[in-house]
Amino acid sequence: MHVAPVLRSEALKVLTLRSLYGTLLAVFACTTAFSALAGVSDTSDPDFDPLFMALSGAVPGQIAAIAFGATVVSCEYQGNGIRLSLAAVPRRGRWFAAKLVAVAVPALVVGLLAAFAALVAARAGLGPAADGLTTGEQARGVVGCGIYFMLMALLAAGLTVLFRSGVATLSTLIPFVLVVSFVVGDVAGGATDFLPDKAGQVVLYQTHDGTLGPWAGLAVTALWAAAALLAGAWRLRGRDA
């Protein structure tokens, strides 16, 4: 089967599953709603960063992005659907690539829309506190947020193929994101700067004092996602469906 029909088939799977619509809607709703709430918070904190405050909804929104990536892939392992997919597309690498496109494109598009809506909603509440943000910083935050959501969804997709289970992926990745970065961060020190979530979220800040800059942080997150995808590809090629 040629590439175009495989891509079309994987896109149709995403478009026809209500659960996937729900997770994408959750990405948009969580990101926008939490950023809007942050926009009316106290701005007197000396560590106040207007760009991160405006895009702080990305922190809960990333959970929905992870769920989207895991769900797109885990649907294949329900009812042995993976066997039918690989029977239709015997070249596993081609099928896997098409599946990743079906994860990456919606996550990126919805991430960009959610980040833009969050920025607009939060700026309305922040008022003069956000006047110091330049157009370039706001554009970098919106684009970076969309890319970050896409990378986290791909990370989840790779782990789901590796584990052959969406539940295992969510049980591993979500506690890692919620617990390791926030609870272990003070103990581990600068090592947490290179975790996938902490590194990628640097792009959401107006100023950054750590080791990584905005785009370098996203590059680190991309390396984590690439490692998970390579591990998933190895598992897919090395085991029976």
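Just so you know, residue 1 is the first one in the sequence shown, and it goes up from there. No hydrogens, no waters, no symmetry mates; every other heavy atom, side chains included, goes into these values.
The closest donor-acceptor contact from the side chain of Thr23 to the backbone of Ala64 lies at 3.5 Å or more, if one exists at all. Remark: side-chain polar atoms of Gln201 are not paired, donor with acceptor, to backbone N or O of Lys198 under 3.5 angstrom. In this structure, Thr31 contributes its side chain and Val27 its backbone to a donor-acceptor pair below 3.5 Å. Ser171 places no side-chain N or O within donor-acceptor distance of the main-chain N or O of Ala168, the cut-off being under 3.5 Å. For Ser35 (side chain) and Ala54 (main-chain N/O), a donor-acceptor pair under 3.5 Å exists by modelled atom type. In terms of modelled atom types and a separation under 3.5 Å, the side chain of Arg235 and the main chain of Val161 share no donor-acceptor contact. Judged purely by atom type and a 3.5 angstrom limit, Arg94 has no side-chain atom pairing as donor or acceptor with the backbone of Val6.
Atom OH of residue Tyr148 and atom CG of residue Leu55 lie 12.5 Å apart, to the nearest 0.5 angstrom. A distance of 9.5 Å separates CG in Leu162 from OG1 in Thr172, rounded to the nearest 0.5 Å. Expressed to the nearest 0.5 Å, how far NE2 of His208 lies from CG of Asp193 amounts to 12.0 Å.
Applying the side-chain hydrogen bond (donor to acceptor under 3.5 Å, both in side chains) rule to Thr169 yields the partners Thr160; only residues at least two apart in sequence or on another chain are considered. Scanning for salt bridge (Lys or Arg N to Asp or Glu O under 4.0 Å) contacts around Asp209 gives an empty result, with sequence neighbours left out. Qualifying side-chain hydrogen bond (donor to acceptor under 3.5 Å, both in side chains) partners for Trp224, counting only residues two or more places apart in sequence or in other chains: none. Every residue two or more places apart in sequence or in another chain was checked for a ring-ring contact (aromatic ring centres under 6.0 Å, His included) with Phe28, and none qualifies.
Pairs of residues two or more places apart, or lying in two chains, that qualify as ring pair (Phe, Tyr, Trp, His ring centres under 6.0 Å) and include a residue from residues 50-74 are Phe52-Tyr205.
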Can you list, pair by pair, the side-chain donor-acceptor contacts under 3.5 Å of residues 98-126, counting residues two or more places apart and other chains?
{"residue": "Lys99", "atom": "NZ", "partner": "Glu10", "partner atom": "OE1", "Å": "2.7"}
{"residue": "Lys99", "atom": "NZ", "partner": "Glu76", "partner atom": "OE2", "Å": "2.7"}
{"residue": "Arg123", "atom": "NH1", "partner": "Gln138", "partner atom": "OE1", "Å": "3.1"}
{"residue": "Arg123", "atom": "NH2", "partner": "Ala130", "partner atom": "O", "Å": "3.3"}

